[in-house]
Amino acid sequence: MTFSITQRLLEAAALALLGLLPGPATLAQTAPATLTVQVSKPVAAVPKNMFGLFFEDINFAADGGLYPELVKNKSFEYDDHLIGWKAIRGAAGLADYRVSGDQPIGATNRHFLRLSVKTAGPDAGFVNEGFRGMGVKQGAEYTFSVYLRRGPGSISALNVTLEEPGQRGGGPETSASGQALAQAQITGLTGKWKKYSVVLRPSATAAKARLKLTVEGTGTADIDVVSLFPKDTYLKRENGLRPDLVQLLKDMKPGFLRFPGGCIVEGMTLDNRYQWKETIGEVASRQPMINRWNKEFKQRYTPDYYQSFGLGFFEYFQLAEDIGAEPLPILNVGMACQFNSAELAPLGSAAKGPNAAGPGDEPTLDTFIQDALDLVEFANGPATSTWGAKRVAMGHPAPFNLKLIGIGNEQWGPQYLERYEPFAKALKAKYPAMQIVSSAGPSPEGELFDKATATLRAQKAEFIDEHYYAKPEWFRQHVDRYDNYPRSGSKIFAGEYAAQSAGIASQENKNNWDCALSEAAFMTGLERNADVVAMASYAPLFAHVDAWQWTPNLIWFDNLNSYGTVNYYVQQLFSQNKGTTMLPVQLPANAKNGTDNLFASAVADDAAGDLVVKLVNYSAAPRAVKVNMAGAKKLGKTGRALVMAADDLNTQNSLQEPKKLTPQESKFAVAGPVLSYTLAPNSLTVLRIPGKR
């Protein structure tokens, strides 16, 4: 339960009458808490890439989200070949239809839709529903493309209609009540596969439009690789990304981008694992695969959730470059998700060579190791190398300058450790400068966690990935988690964390201010230990409001709009104000960080010439503080305060109120090294003071 400031003061007055508390006047006269920032005693450099992004294709984050292709199952390659497609009026205008494999476009496009028309009419065709509809904007341009082949008969054209469904009928199988938003006709069909394209310009904006395809004439026609792609992509790239979502990422000023996950790296089985080599090259040739989040949660069962891989490893590297982040790919270590099948690839033998295979040619660990070695070559190799040439052919002659690789996502136990060691050795042998991220498992404590940590430290792992999803109070109570970690050796990657308002993996979790403020408190502990914690990222990143499996998430969107949660703006404040050098902060009487729900950290931003203090007041009352900038030199006269505060801890942003709670900036006077400031109730405050150390 939360209370307003007035309610708190009234309660305090009532208690004072009973002799249990001092009265409000006494409270107002309480001396401000004095914090001391040892400006002249820096601890260590703040890691350049400390705060970053974790991307996983969960919650329709890729197809239907960041990757803006509007056609679902465009090549009819889903396990159920007609997911996303329905015949108009139950195929009343068709003599027959079927998904065929008779002389397909190629080996990776093995299926297509064959329509047979006996009597010509306006209903001879199919509609595609998109990803919970198709979001289109008035006057914007969308490139429609398709591969067509005419069979026996007189079919002469394909009619293409982008329409907004009417109210009658409701399902995409109806057509009579739909409002046409854009139309085009494709002619010149031949007896051989040929690609056709046309630009559609909607006459109105619609959040849940659909695509209708009908044929003119009678006979048969084959249809494949149907695409409707916006021209308005980030940097106007062909096969580019949704600009509003990329901009939200760039505005974070992230230090790194971890991709492609997450549990989809592992897959439900090894056959279902993410294989980066299958996600590069010509987009139309990339084979889709069921997403491992498709049926993970019975209460959020999503049978139409697949991965088209239009957003593949090349596009991930390009995205990292676009937003100024270090790429951090995570690769399978020969283990399927241990929450699912826990399938293991045989260990194999290095003596057999990197392409050794086990019984029945099943992949061994050597296969996975070779994939990692080839990935480094793809990212960094010259045009004369096998895999570097593939990057160059895709339009990126310069290397991506890959420096980091994760071995395994969230594995645990001896099965992981016995695979990690030869994997890491092989990578280091060929690429000694490559830095490796290793896994401590899904839990931040316990016997398996302790064993993994000890083993990985003994092997001199550069980064150990720790994950924690917990109630908000856990984050406030564990702000000192890294205070007593070793100051040398392996660094920590806080790779996945988020406060859970209702419970871990609960469908009732909310992105509210209580969670975000508790995360902010915890992040002061990360920043105070930046010599130990080298990287940190909230997870998951994206969620479609109509197609999510997990909550909470950092950014929510529908087919047209998006917003950053209150958690997003907390992450942004830390990332944009991470500074360059750690500075010690002492609370009154050398109290532990978080005492009396006051949390603090400080850095110097040598590049900007500022001293930066972050303060969290997890209290429903305002709090007066004094900040002593001990040893500071040449302080400026005016500082900037960036503040997020809300009386109601249940405050959330939404599509309807995307900026309900965001950082507010103000200025304050700096009269000397001791600053007086009053922290708002339930607030995160970032003070930037011009000054040198």
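For the single chain, residues carry numbers from 1 onward in sequence order.
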### Task
Begin with the C-alpha distance, continue with both residues' side-chain angles, and end with the deciding distance and a verdict on salt bridge (charged side-chain N to carboxylate O under 4.0 Å, His left out) for Asp480 and Arg528.
CA-CA 9 Å; Asp480 62 344; Arg528 291 167 73 103; over 6 Å; no

### Query
Given Leu642 and Leu573, is the side-chain contact (heavy atoms from CB on, under 4.5 Å) satisfied, shown in steps?
CA-CA 8 Å; Leu642 301 161; Leu573 278 176; 3.9 Å; yes

### Task
Please assess Trp556 against Thr551 for the test side-chain contact (heavy atoms from CB on, under 4.5 Å), listing each intermediate value before the final yes or no.
CA-CA 10 Å; Trp556 289 81; Thr551 186; 3.4 Å; yes

### Worked check of side-chain contact (heavy atoms from CB on, under 4.5 Å) between Tyr420 and Ser439
CA-CA 9 Å; Tyr420 169 82; Ser439 170; over 6 Å; no

### Message
Glu466 vs Phe493, test: side-chain contact (heavy atoms from CB on, under 4.5 Å). Steps then yes/no.
### Response
CA-CA 6 Å; Glu466 298 185 358; Phe493 174 27; over 6 Å; no

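In this structure, Met252 and Ile323 have side chains that are not in contact, with every pair of non-hydrogen atoms separated by 4.5 Å or more. The shortest distance between side-chain heavy atoms of Leu249 and Leu541 falls below 4.5 Å. In this structure the side chain of Phe475 reaches within 4.5 angstrom of the side chain of Tyr468, judged on heavy atoms. Between Asp371 and Leu331 the shortest side-chain heavy-atom distance does not fall below 4.5 Å. Side chains of Leu241 and Thr233 form no contact here, defined as non-hydrogen atoms less than 4.5 Å apart. Between Met582 and Glu527, every side-chain heavy-atom pair lies at or beyond the 4.5 Å cut-off. Residues Gln411 and Glu266 have side chains in contact (heavy-atom distance under 4.5 Å, counting atoms from C-beta outward). Using a 4.5 Å heavy-atom threshold, the side chains of Leu66 and Leu311 count as touching.
Between Asp63 and Tyr305, the side chains place no donor N or O within less than 3.5 Å of an acceptor N or O (distance only, hydrogens not considered). For the 3.5 Å distance criterion, the side chains of Asp606 and Thr581 qualify, holding a donor opposite an acceptor. Looking only at atom types and distance, the side chain of Asn617 has no donor-acceptor partner in the side chain of Ser683 under 3.5 Å away. Of the N and O atoms on the side chains of Gln318 and His396, not one donor lies less than 3.5 Å from an acceptor on the other residue. For the residue pair Glu69 and Ser227, a side-chain donor N or O sits within less than 3.5 Å of a side-chain acceptor on the partner. For Glu519 and Tyr497, the side-chain atoms include no donor-acceptor pair closer than 3.5 Å. A donor atom on one side chain and an acceptor atom on the other are found under 3.5 Å apart for Asn59 and Asn553.
When atom types are taken as modelled, the side chain of Gln576 and the backbone of Asp251 share a donor-acceptor pair closer than 3.5 angstrom. Using modelled atom types, no side-chain atom of Asp648 and backbone atom of Gln652 make a donor-acceptor pair closer than 3.5 Å.
Below 30°, between 30° and 60°, or above 60°: for Phe259 and Phe317 the angle between ring planes is above 60°, a perpendicular geometry. Ring-plane geometry between Phe297 and Trp550 is classed as tilted, the angle between the planes lying from 30 to 60 degrees on a 0 to 90 degree scale.
Only one option out of Tyr316, Phe313, Trp276 pairs with Phe378 in a ring pair (Phe, Tyr, Trp, His ring centres under 6.0 Å); it is Trp276.
With respect to Asp483 and Lys592, no salt bridge is recorded, no charged nitrogen being found less than 4.0 Å from a carboxylate O. Salt-bridge formation is detected for the pair Glu496/Arg258: a Lys NZ or Arg NE/NH1/NH2 atom is positioned less than 4.0 Å from an Asp or Glu carboxylate oxygen. Under the 4.0 Å criterion applied to side-chain N and carboxylate O atoms, Lys72 and Asp304 are assigned as salt-bridge partners. Between Arg688 and Asp605 there is a salt bridge, with a side-chain nitrogen of the basic residue lying less than 4.0 Å from a carboxylate oxygen of the acidic one. The pair Lys231-Glu238 fails the salt-bridge criterion, with no side-chain N (NZ, NE, NH1 or NH2) lying under 4.0 Å from an Asp/Glu carboxylate O.
Taking every heavy atom of both residues into account, Leu328 and Phe256 meet most closely at CD2-CD1, 4.4 Å.
Counting non-hydrogen atoms of other residues, nucleotides and ligands closer than 6.0 Å to NZ of Lys208 gives a total above 12. For NZ of Lys277, the number of neighbouring non-hydrogen atoms (other residues, nucleotides, ligands) closer than 6.0 Å is greater than 12. In this structure, Lys471 places its NZ atom where more than 12 heavy-atom neighbours from other residues, nucleotides or ligands lie under 6.0 Å away.
The structure places OG of Ser490 at 11.5 Å from CD1 of Ile436, a figure rounded to the nearest 0.5 Å.
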